[in-house]
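In what follows, a structure is listed as structure tokens, so that the remarks can point back to it.
Note that the numbering runs from 1 along the sequence shown for the chain. In this text the structure is predicted, and so the values were computed from the model without any measurement.
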Amino acid sequence: MKNVKLISLALSMLICFVATAQEKTITGTISDESGLALPGANVQIQKTKKVATTGFDGKYTIQAQKGDVLLFSYIGFQNQTKTVGDKNIINVVLHENNQSLQEVVVTALGTSKKRNVTQASVQMVRGTVAGVAVSSGYVQYAAPSQNIVVRDAVSISAKNEPLYIIDGIPVKSEQFAKVNPNDVQDVKVLKDKDATSTYGNKASNGVVVIDTKNGIYKNLTEKELDAKLNILYPTLPVTPNQEDYDAFVENAFESPKTAPLSTFSIDVDNASYTNIRRFINNGQAIPKDAVRVEEMVNFFKYTYPQPKDQHPFSINTELSDSPWNTKNQILRIGLQGKNIATENLPASNMVFLIDVSGSMGEINKLPLLIQSMKILVNELRAKDKVAIVVYAGAAGLVLPPTSGAEKKTINDALENLQAGGSTAGGAGIELAYKIAAENFIKDGNNRVILTTDGDFNVGSSSDSDMEKLIEQKRKTGVFLTCLGYGMGNYKDSKMETLADKGNGNYAYIDNIQEANRFLGKEFKGSMFAIAKDVKIQIEFNPKQVQAYRLIGYENRKLRPEDFKNDAIDAGELGSNHTVTALYEIIPAGVESDYLNQQPDALKYTKVQETGNNYSSELATIKFRYKKPDGDKSIEMVNVIENKTVALNKASDDFKFSTAVAWFGLKLRDSKLISNKSSDDILKLAKQGLSNDSEGYKAEFIRLVQSAI
């Protein structure tokens, strides 16, 4: 009998061993129909409790056996199942669940701004779904007058701090630090299961338990505890919105007789569009000055041909009818940057300049920033190098220049960042440029990447001070990329000033999908300049054009004499980047309510007619640009034919870009458009909906529908 038991035990162990041996590692990516990664999606082996969750890149890893069935699920999407079989890599595309929700039930913790997180008992919150955005572990409703945020327990803390318990009361780290050691009677440190079995998930980083003599802190409220520990917090004024945007006046119509030249710098920024998207998705009113039409238009990519000559970009023009003023015309000018293969791009010398001040402590700031930069790190090669500089009360180097091959080292440095202190923005910029200059790569991509909410409040804080500083640093040959985060105190004006004056570009990161677009999918265009100081100057033929106006680019207009002045800064163009500019034209002989009273002919400026009215020419357009490491501009000249195509026969890109501009003009409540119908904007956008593999154009249509 004893031998039978031993044999039975041996067989059980053998079966267990064989089963374990059959297990293998399954990896893959979960994405939506547009190809965007789905972070927080679940992968479960059916009929078991074994579950894996995707990271911010949509990737997962799970141990499974050949016959196992994997269940893939994500809130708002239809579930899918896949049998493991012989596969080691299983990628899944989930489809949206079109069934509308009537009610949402979440387990919630009450929160309010800054430090006062209510430590209430877990409660059930029920409510209709209208106005509520739901994703894994995060629910947000934002009305125009208030912000309500509900998070699950896992997302409450972005820091790897233990839980502190004093006399049975959970306390904050700053309270714990103030305890008098002479009052302590006993200290216990609990880890792993010992911690979570008693205190739950909030103790996943361990628990420090202190019992004091005579229980002097027992049963105290938070306010009483602060008073006893002599912790004083400044009273912060409650302001619903402290965001800051530069005011500007919309471009007016000008006559080619009195203003023969229109000159401006290109603008590849698209921060305005993502910021507007955030306002619309949150159900908030959009500040008029947050709308920069050219940045909305340039968020989208258009199908211009690649350059075929020695120049780094191609030039493309199209003339058609204006959809909002039917007597007028729209001239579209498109540039297409040369697409350089990734392996042929120059080596990069990058410095991440990261704001870790107290204002960055919110969940949509530093935690999102860290995950965003990981996406950028994933694109780096061994020949690239990265340094990390942080600034709060002071600036410091937290990671010396490190090879892009050492991704774990770089990501670990990012994960260790914590928010706290005031904002020494000027000192941070000084140090970042110093590190970039010391590691400068000749003929390479030298760039500082500034990540912040723009709330500089210590040192050089005014826009004029920051402008002078960044103009000085621009001379080092180091480019600048500004990434904006957060809401409520977001300082768009400072971010735009820095990007405009620092040979740089500017993006607003409102979610991880936008980070993946700008820093991942469009990495080459965002981070590698192929031309800098790109300027455009156009001369309209007064015989054909009665008046014109540049749509957008108000902050990028230049004087005519600036065009040939190589000391004047202008925008940069990245690898495979597109830039689009639109002019509205009032043709000669057309009556218009938008024309100012024309002056009488002037005696000393009247010129003799030559007899040549250039009837076949609408305008002459000139471009000037410098090579990324050059100091002298190169000029290009094109003639635009006076050839109009009816709007219904215009290209899809013309229709869509014009619809985006139209929506921006409507949001700004432009006085220069007669038709402000959202239905007509939607109709034109849908007509131009093509080449949308990433789904961004379809998303724009949904935004217009939401804003009606």
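The closest side-chain heavy-atom distance from I640 to T620 is not below 4.5 Å. Counting only heavy atoms from C-beta outward, the side chains of I276 and L667 approach each other to under 4.5 Å. Considering only heavy atoms from C-beta on, I333 comes within 4.5 Å of Y583 through its side chain. M527 is listed as a side-chain neighbour of R447, based on a closest heavy-atom distance under 4.5 Å. Residues V268 and N298 form no side-chain contact, since every pair of their non-hydrogen atoms from C-beta on lies 4.5 Å or further apart. Side-chain contact between V293 and L582 is absent, with no heavy atoms from C-beta onward closer than 4.5 Å. I441 is listed as a side-chain neighbour of K385, based on a closest heavy-atom distance under 4.5 Å. F528 is not listed as a side-chain neighbour of I340, based on a closest heavy-atom distance of 4.5 Å or more.
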Less than 3.5 Å apart, which donor and acceptor atoms pair up between the side chains of residues 644-651 and the rest of the protein, not counting sequence neighbours?
| residue | atom | partner | partner atom | Å |
| --- | --- | --- | --- | --- |
| T644 | OG1 | Q329 | NE2 | 3.2 |
| S651 | OG | E318 | OE1 | 2.8 |
| S651 | OG | E318 | OE2 | 3.3 |
| S651 | OG | R332 | NH2 | 3.4 |
| S651 | OG | F654 | N | 3.1 |

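In this structure, the side chain of S348 does not engage the main chain of M350 through any donor-acceptor pair within 3.5 Å. N349 places a side-chain N or O within donor-acceptor distance of the main-chain N or O of A436, the cut-off being under 3.5 Å. Under the 3.5 Å distance criterion, the side-chain polar atoms of Q306 are matched with a main-chain donor or acceptor of N339. E584 places no side-chain N or O within donor-acceptor distance of the main-chain N or O of I551, the cut-off being under 3.5 Å. N541 places a side-chain N or O within donor-acceptor distance of the main-chain N or O of K543, the cut-off being under 3.5 Å. Between the side chain of N505 and the main chain of S526, a donor-acceptor pair closer than 3.5 Å is present. Between the E554 side chain and the N251 main chain, a donor and an acceptor come within less than 3.5 Å of each other. In this structure, D384 contributes its side chain and L380 its backbone to no donor-acceptor pair below 3.5 Å. K535 places a side-chain N or O within donor-acceptor distance of the main-chain N or O of N565, the cut-off being under 3.5 Å. A donor-acceptor pair is defined here as one N or O able to donate and one able to accept, closer than 3.5 Å; such a pair exists between the side chain of N316 and the backbone of G334.
Interatomic distance, CD of E591 versus CG of L595, reported as 10.0 Å (0.5 Å rounding). Atom CG of residue L376 and atom CG of residue L519 lie 5.5 Å apart, to the nearest 0.5 angstrom. Note: E561 CD to L261 CG = 10.0 Å, rounded to the nearest 0.5 Å.
Atom CD of E635 has more than 12 neighbouring heavy atoms from other residues, nucleotides or ligands inside a 6.0 Å radius. The number of heavy atoms from other shown groups lying within 6.0 Å of NZ (K383) is above 12.
Salt bridge status for K434 with E430: absent, with no side-chain N to carboxylate O gap under 4.0 Å. Using a 4.0 Å cut-off between a side-chain N of Lys or Arg and a carboxylate O of Asp or Glu, D669 and K676 qualify as a salt bridge. Ion pairing between E243 and K491 fails under the 4.0 Å rule for side-chain N and carboxylate O. Checked for salt-bridge contact, K697 and D653 meet the test: a charged N lies under 4.0 Å from a carboxylate O. Salt bridge present: D492 and R292 bring a charged side-chain N and a carboxylate O closer than 4.0 Å. The pair E250-R668 fails the salt-bridge criterion, with no side-chain N (NZ, NE, NH1 or NH2) lying under 4.0 Å from an Asp/Glu carboxylate O.
For the ring-ring contact (aromatic ring centres under 6.0 Å, His included) criterion with F264, the lone passing option out of F623, Y553, F563 is Y553. N576 pairs with exactly one of K524, Q336, K338 by the side chain to side chain donor-acceptor pair (under 3.5 Å) rule, that one being Q336.
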Inset, instruction - Could you check D566 against S633 for side chain to side chain donor-acceptor pair (under 3.5 Å), going step by step and ending with a plain yes or no? - result: CA-CA 7 Å; D566 284 348; S633 289; 2.6 Å; yes

Quiz item: Taking it one step at a time, do R277 and E514 satisfy salt bridge (Lys or Arg N to Asp or Glu O under 4.0 Å)?
Solution: CA-CA 11 Å; R277 180 175 65 189; E514 178 59 21; 3.1 Å; yes

### Query
Stepwise, does the side chain to side chain contact (heavy atoms under 4.5 Å, CB included) test hold for V386 with V351?
CA-CA 6 Å; V386 170; V351 179; over 6 Å; no

Discussion item. Does R474 form a salt bridge (Lys or Arg N to Asp or Glu O under 4.0 Å) with E572? I'd like the steps, not just the answer.
Written reply: CA-CA 13 Å; R474 185 178 71 215; E572 68 172 52; over 6 Å; no

Taking it one step at a time, do W324 and T658 satisfy side chain to side chain contact (heavy atoms under 4.5 Å, CB included)? CA-CA 10 Å; W324 54 79; T658 306; 3.6 Å; yes

Worksheet item: For L331 and F540, what are the C-alpha separation, side-chain angles and deciding distance, and is it a side chain to side chain contact (heavy atoms under 4.5 Å, CB included)?
Response: CA-CA 11 Å; L331 171 64; F540 286 100; 4.1 Å; yes

Start with the C-alpha gap between T342 and F523, add the side-chain angles, then the distance that decides, and say whether side chain to side chain contact (heavy atoms under 4.5 Å, CB included) holds.
-> CA-CA 10 Å; T342 302; F523 170 73; 5.6 Å; no

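Nearest heavy atom pair, residue P401 against residue I435, reads CG-CG2, 4.4 Å. Scanning all heavy atoms of the two residues, the minimum distance from V579 to Y304 falls at O-CE1, 4.1 Å. For the pair G444 and P346, the tightest heavy-atom approach, listed with the atom from each and the gap, is CA-CB, 3.9 Å. Between P256 and P542, the shortest heavy-atom distance links the atoms CG-CA, 3.9 Å. Closest approach of D652 to S690, counting heavy atoms only: OD2-OG, 3.0 Å.
Between Y625 and F313, the ring-plane angle classifies as perpendicular under the 30° and 60° cut-offs. A parallel orientation is assigned to the rings of F253 and Y594, their planes being inclined by less than 30° (bins at 30° and 60°). Under the 30°/60° scheme for interplanar angles, the aromatic rings of F663 and F700 are found to stand perpendicular.
For the residue pair Y548/N328, the side-chain donor-acceptor check at 3.5 Å is not satisfied. For the 3.5 Å distance criterion, the side chains of E617 and N642 fail to qualify, holding no donor opposite an acceptor. Looking at S265 and R556, their side chains do bring a donor and an acceptor atom within 3.5 Å of each other. Between the side chains of N675 and D680, a donor-acceptor pair is found at a separation under 3.5 Å. Residues E496 and N555 bring a donor and an acceptor atom of their side chains to less than 3.5 Å of each other. Side-chain polar atoms of S272 and E295 form no donor-acceptor pair below 3.5 angstrom.
Between F300 and F656, the ring centre distance stays below 6.0 Å.
The salt bridge (charged side-chain N to carboxylate O under 4.0 Å, His left out) test applied to K626 returns D533, not counting sequence neighbours.
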